[in-house]
There are 2 protein chains.
Amino acid sequence: MWFPIDPRSPTPIYQQIVDGVKEAVAKNILQGGERLPSVRELAGLMTLNHNTVAKAYQELERERVIDVVRGRGTFVAAPGSRPDRAERIVRMKDIMKQLWVEAHHLQITSQDLMTMMQDAVLEWDQERGQEES
Amino acid sequence: MWFPIDPRSPTPIYQQIVDGVKEAVAKNILQGGERLPSVRELAGLMTLNHNTVAKAYQELERERVIDVVRGRGTFVAAPGSRPDRAERIVRMKDIMKQLWVEAHHLQITSQDLMTMMQDAVLEWDQERGQEES
DNA sequence: CGTGTGTACTATTACAAGCGGTACACCAAG
DNA sequence: CTTGGTGTACCGCTTGTAATAGTACACACG
């Protein structure tokens, strides 16, 4: 599978699935139109309850990451319009603030923070490039 | 007070207190050695139970943000050694990855992401400067 | 000693997560 | 039409966490 799950993590299992799929899509490991395992199938592979997987799929559909077709399956959505753009930019700014606060408590200057960020982004962009369709 | 609390937020109240204090310290609104309200006092101001505030203070002490002296009060810790530096850098990288994944689902390029980050950091650094001791 | 501090319990309520199981509506293929 | 696979919607149950209320204790200081 494209991501690990830790049942003892404080972050819920269904959320770990959501994060894992979103990361796989962002990295082009999962590409537009590709079919995901059915809820029962993925639940079997991960020894989870199908309801847990279903909850993750519902959240992913709500975030427009996947398309769900009843009786057919779930598919990675084509990168398309994002009507909730404003809301999500607010969310990104929240994450940025978290990062900034953490950095200051680590006595990391804003300049060093930007350098670390730049390095990490370059690394992930490189991984993403290797999966290009 | 230096931060708002939303009882209906999905993030726990005690966590909101932790985040609020950490942010205030990072912004120099709360400075080293400054005394925080007692658990009962802050609980009274926010109409919370003192146990909830105590839980937040314990977490803040665990993260070395405040110093607790029984019978005296709680005080903002002086910026000092961070023995858990490695652990926290891992945490920062996790936050960075979240940010990068979100950006790609918003069809924001890594370059634009870095620009947004730079702007936000400059803004917060400016706020922080105004509170200089 | 008395007061204010953080801390440690107990009990209770509420809610979310996750599991197991069942049932239903939909779609496509036989 | 029937069959099998899909997502979905329930129910009941258990577990863990958050938060409240209340009480009690150990410590520091005047």
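Values in this document were obtained by computation on a predicted structure and should not be read as measured data. Note on naming: letters A, B, ... go to the chains in the order of the sequence lines (proteins, then strands), and numbering restarts at 1 for each one.
B:D6 places its CG atom 15 Å from the C1' atom of D:dA18, with the value rounded to the nearest Å. A straight line from CG of A:L60 to P of D:dT8 spans 11 Å, rounded to a whole angstrom. Look at CG on A:D67: it is 17 Å from C1' on C:dC26, rounded to the nearest Å. Regarding A:E59, its CD atom lies at a distance of 16 Å from the C1' atom of D:dT8, rounded to whole Å. Rounded to whole Å, the distance from CZ on B:R35 to P on C:dG4 is 12 Å.
A:V39 is connected to A:F3 through a chain of hydrophobic side-chain contacts under 4.5 Å among Ile, Leu, Val, Met, Phe, Trp and Tyr, so both are in one cluster.
A donor-acceptor pair under 3.5 Å is formed between the side chain of B:Q16 and the backbone N or O of B:D6. Side-chain N or O atoms of A:Q31 include one that pairs as donor or acceptor with a backbone N or O of A:N28 at under 3.5 Å.
Counting heavy atoms from C-beta on, the side chains of A:T52 and A:M46 never come closer than 4.5 Å. Between B:R35 and B:R72, every side-chain heavy-atom pair lies at or beyond the 4.5 Å cut-off.
Here the nucleotide nearest the side chain of B:Y14, chosen from D:dG7, D:dA18, C:dG6, is D:dA18.
Residue A:R70 has no polar side-chain atom (N or O) positioned under 4.0 Å from OP1 or OP2 of C:dA28. The side chain of A:Q58 contributes an N or O atom lying less than 4.0 Å from OP1 or OP2 of D:dA9.
Using a 4.0 Å heavy-atom cutoff across all strands shown, A:R8 reaches no nucleic acid atom at all.
Between B:I13 and B:R72, the residue whose closest nucleotide on DNA chain D is further toward the 5' end is B:I13. Remark on DNA chain C: of its neighbouring residues A:P7 and A:G71, the 5'-side contact belongs to A:P7, judged by nearest-heavy-atom nucleotide.
At a non-hydrogen distance threshold of 4.0 Å, A:R40, A:L48, A:N49, A:H50, A:N51, A:T52, A:K55 from residues 40-56 of chain A come into contact with DNA chain C.
Screening B:R91, B:Q98, B:M92 for a side-chain contact (heavy atoms from CB on, under 4.5 Å) involving A:Q98 leaves a single residue, B:R91.
Distance check, rounded to the nearest 0.5 Å: CH2 of A:W100 to CG of A:L113 gives 10.5 Å.
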